[in-house]
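What follows is one structure encoded as structure tokens, with my remarks underneath.
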Amino acid sequence: MGAGAALLMPATLAVIHHTFPEPRARSRAIAAWAAVGGLGGLGGPLIGGWLVEQFSWRAAFWINVPLAAVIVAGAAFLVPESRAARRKGFDGPGAALSAGGLLALVWAVIEGPHRGWASAATLTGFGVAAVLLAAFVLRQARTPDPMLPLGLLRAPHVWVAATALTLMSFALFGALFVLTLYLQGVLGYGPLEAGVRTVPLPAALAAGAVCALPLLSSRRPGPGQPPGVRLPVSGGLVVVTLGFLVLATTDATSGYPRCLVFQLVAGFGAGLVAAAATESVMGSLPSDAAALGSAVNDSTRQLGSALGIAVQGSLLTTVFTDRAAALVPGSASPPLTDTLGPEPADVPEPLRAAVALGVREAFTDAMTVTALAAGTVTAVAAVLAARGLRPPAANAPPVPSDGRPVSSRTTAAP
């Protein structure tokens, strides 16, 4: 499934880039792309929650089979073909190094709370990740056909926008994971009920993506140059940060309304960031690098999402376990399950109500820590975007497709 998504997602933006070469039309298409992605998120929690309750968790995978068949047939007839002028070789060793390094990193982050952050297994995981990712960077600098031309990342409108997407995805997708646990474990909703209550987040994201279009259109510096994206990216990240400040004030008795406010505020800001940062990356590259720019855009979002769930999940587990373990002295710390508490047999009858409340409070305390951490990440990203996404000079050349400086290449006369 991951390999299929890796083939699909970059191709969608590349098709948009080739189908809409005019900058203003491309901005509208990318805003629609981001909005549709948000609307697609509406169906996942709803349909997935219903399938889990009516059938089993396996049904959430089976439902993709007929949908994929329809999409394949539609793509064969409707999606226009486009190819790069020069076919590059596949960097197999680079792909293996990057995948292995990221796998080791995510594994170490997830296993840290259970095995111990200073355990030999966790430290080995981090060490393997560092070695493999360093080897990946070294190979990309030396191979003639790199998977990721490092020179491409020197352009601020590429690397700053990609970093903003990574950090926004880190914060938002990690928070969605934590929020789902809160809705089911603390507020007591079932899978479908919890899914319904996460709909405002992707709906607000779609609305934010649509609202980013006027900001992009009104601040475009000139033909062939990336649009003025600093305001929607940095402003969107500030809005996301405000949403996390709301979430950080949640306690065991807050109920759903505060979660709703968080989703509406953070989702709208994320929509602004997603549309504007994606247009920044794609608008900075020539047509023959559209697929590469799309791959950079999507891989950074996926990397941020994976690390956000792993890091915030691990942080949540660590804080929750430490605070909940003190509720019943001498017993094992309660697990992070649907009930978020120890089994009734582990707690004397007179203490069960107090322990249950204490466990919920321990979880909301842990969620507050994760919300503050995520909000700090988005605040840092907002500062980076405000400083790095300055309007380009009027005579600034576009980023070359191979990532090398223009002065180091031989160019033909027009």
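Any value given below was found using the heavy atoms of this structure, including those in side chains, with hydrogens, waters and symmetry copies removed.
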Is the Lys NZ or Arg CZ of R197 less than 6.0 Å from the centre of Y189's six-membered ring, within 45° of the axis? yes
Looking at CG of L316 and CG of D365, how far apart are the two atoms once the value is rounded to the nearest 0.5 Å? 11.0 Å
Under 3.5 Å donor-acceptor, S280 side chain and A276 backbone: no
Nearest-0.5 Å distance, CD1 of residue I47 to CG of residue L67: 7.5 Å
Mutual orientation of the aromatic rings belonging to F363 and Y182 [parallel < 30°, tilted 30-60°, perpendicular > 60°]: parallel
Please answer whether the main-chain N or O of R360 pairs with a side-chain N or O of T364 as donor and acceptor at a distance below 3.5 Å. yes
Decide if atom CZ of F61 counts as having more than 12 heavy atoms of other residues, nucleotides or ligands within a radius under 6.0 Å. no
Return yes if some donor-acceptor pair links the side-chain N/O of Q312 with the main-chain N/O of A374 below 3.5 Å, else return no. no
CD1 of I309 to CD1 of I110, rounded to nearest 0.5 Å, is 8.5 Å
Shortest non-hydrogen pair, G94 vs Q140, comes out as CA-NE2, 3.9 Å
If I compare all heavy atoms of M168 with all of A270, which pair ends up nearest, and what's the gap? SD-CB, 3.7 Å
Do V186 and M367 come within less than 4.5 Å of each other through their side chains, counting heavy atoms only? no
Applying side chain to side chain contact (heavy atoms under 4.5 Å, CB included) to F170 and T378, what does each step give before you reach the verdict? CA-CA 9 Å; F170 174 95; T378 55; over 6 Å; no
Test item: side-chain donor near acceptor, W33 and T278, under 3.5 Å: no
Is it true that T163 and T166 share a donor-acceptor pair across their side chains at a distance under 3.5 Å? no
So, using side-chain contact (heavy atoms from CB on, under 4.5 Å) as the criterion, who are the partners of A135 when residues are at least two apart? L97
Of all heavy-atom pairs linking L237 and A385, the shortest is CD1-CB, 4.3 Å
Full working for ring pair (Phe, Tyr, Trp, His ring centres under 6.0 Å) between F55 and W62: CA-CA 11 Å; F55 302 99; W62 279 111; over 10 Å; no
Under 4.0 Å between a side-chain nitrogen and a carboxylate oxygen: does that hold for D251 and R258? no
